[in-house]
Amino acid sequence: MALVPMRILLDHAAEHGYGVGAFNVNNMEQIQAIMAAADKTASPVIIQASRGARSYAQDNYLRHLMLAAVELYPHVPVAMHQDHGSSPDVCFSAIEQGFTSCMMDGSLLEDAKTPAPYSYNVEVTRKVVEHAHKRGVTVEGEIGTLGGIEDGHGAGLTGAEAMAHLTDPEQAAQFVAETGVDALAVAIGTSHGAYKFKHKPTGEVLKMSIIAEIHRRLPNCHMVMHGSSSVPKELVDIINQYGGQIPETYGVPVEEIQEGIKNGVRKINVDTDNRLAITGAIRKVFATKPGEFDPRGYMKPAREAMQKVVEERMIAFGQAGHAGQIPKVSLEEMARRYAKLK
Ligand SMILES: [Zn+2]
């Protein structure tokens, strides 16, 4: 099976009340871990690459690795998504590389740091929607500004400043109507990276109520939760046990994500948990087998550790078991559907 438009996965997830994990990749082992997990759990899956990942892996390598993934696992529906496109050009180049989905993050200006005015966000997002839909490609937009910084992307907002940039449900409804996006990233108090919360998050800092309110206003809107790693203590502990120094930190509990899924969240971005799993596994080999110098000796356990996390998320989000039910829709067919809707 070729890569599928992400919209097809999200529509199916909405119809059947589950969420789809979107896992970030930078290299071959991460792609292998995700595909093996999707195969084992029979899950449709979203693989995403940030701008940083595309420059690290290089587009040509990434494109061929993804082609290998769908060739090896023809029964697994996969969408390839550009995470946090900082300008229409970033999205256009992703589409040229064969991505079947892109995020236009117009919540920040092109510097990927400065919160942007609403009018700018609408303008750039609409431009990407127009270009992408003609090619059957899905578009995710963002309203409100997410906290934290990852891969050099983010306003780095924390505390009261971050709370002031949470998504306003009324504006979200207006944004979806004005841009025609397929999916909407919402800012509800989550942030990128490992250091999300100092304590287990309560409703005061993690505003799941915003998701419920948007779902009430826009029952057909596919919402996206960013910064949704759970930062499990056991993964942090392995790193620290073998010489790492990760301070005590809390992520988004899986139960909260499941609550979000009940209220219209269809895409859940997970990166940090996989990074932690990989790092812990490599540290463990280095600490316990100091004579090891074959990269396979530590990359294999790293890949297995990531696969385990991805499998757990696939089961928790409910996407497991659905791979065989996703309708086969090409980008061309999707483009025709968008044209008809217009
Ligand atoms: Zn994000």
Side-chain angles (χ1 to χ4, degrees), residues 6 10 19-26 30 34 45-56 79-87 90-91 94 99 101-116 121 124-125 128 138-158 162 165-167 172 175 181-197 201 206-208 210-211 214 222-231 249 251-252 256-257 260-261 265-276 310 313 317:
M6 187 172 81
L10 303 185
V20 185
F23 305 100
N24 287 74
V25 295
N26 299 280
Q30 290 177 305
I34 296 166
V45 69
I46 300 162
I47 294 185
Q48 58 186 14
S50 64
R51 281 176 300 129
R54 285 177 60 193
S55 85
Y56 172 82
M80 183 66 191
H81 176 77
Q82 163 78 56
D83 193 16
H84 289 287
S86 52
S87 69
V90 170
C91 295
F99 284 55
S101 179
C102 61
M103 176 185 191
M104 177 61 237
D105 181 356
S107 74
L108 301 175
L109 294 178
E110 208 170 328
D111 66 4
K113 282 183 186 64
T114 316
N121 194 354
V124 289
T125 306
V128 171
T138 310
V139 180
E140 173 184 337
E142 174 173 325
I143 194 81
T145 308
L146 286 149
I149 300 178
E150 192 160 49
D151 276 1
H153 185 105
L157 304 176
T158 53
H165 284 84
L166 296 184
T167 303
F175 182 78
V181 285
D182 301 280
L184 183 69
V186 290
I188 55 166
T190 64
S191 55
H192 294 118
Y195 308 103
K196 299 181 194 302
F197 304 108
L206 182 62
K207 297 270 185 200
M208 298 304 294
I210 294 176
I211 286 180
I214 296 175
H222 301 317
M223 274 179 277
V224 182
M225 276 175 79
H226 280 243
S228 290
S229 277
S230 301
V231 196
T249 173
V252 182
E256 296 290 349
I257 296 170
I261 292 169
V265 169
R266 300 295 160 225
K267 172 172 180 273
I268 304 104
N269 291 5
V270 175
D271 187 7
T272 297
D273 287 351
N274 293 326
R275 294 178 176 203
L276 293 171
V310 174
R313 296 295 176 278
F317 300 160

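In listed order, ligands and their atoms are each counted from 1.
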Tested for side-chain hydrogen bond (donor to acceptor under 3.5 Å, both in side chains) against E140, the lone hit among H222, H81, Q48 is H81
Could you name all protein N, O or S atoms found under 2.8 Å from the Zn ion (ligand 1)?
H84 NE2, H192 NE2, H226 ND1
Gap separating the NZ atom of K267 from the CE atom of M223, nearest 0.5 angstrom
14.0 Å
Under 3.5 Å, side chain of S50 to main-chain N/O of D83, donor-acceptor pair present?
no
Minimum-distance pair of heavy atoms, taken over all atoms of I257 and F317
CG2-CE2, 3.6 Å
Donor-acceptor pair, E256 side chain versus V252 backbone, under 3.5 Å?
no
Go through it in stages, so that I can follow the logic: the residues are L206 and T190, the test is side-chain contact (heavy atoms from CB on, under 4.5 Å), and I'd like the CA-CA distance, side-chain angles, deciding distance and then a yes or no.
CA-CA 7 Å; L206 182 62; T190 64; 3.5 Å; yes
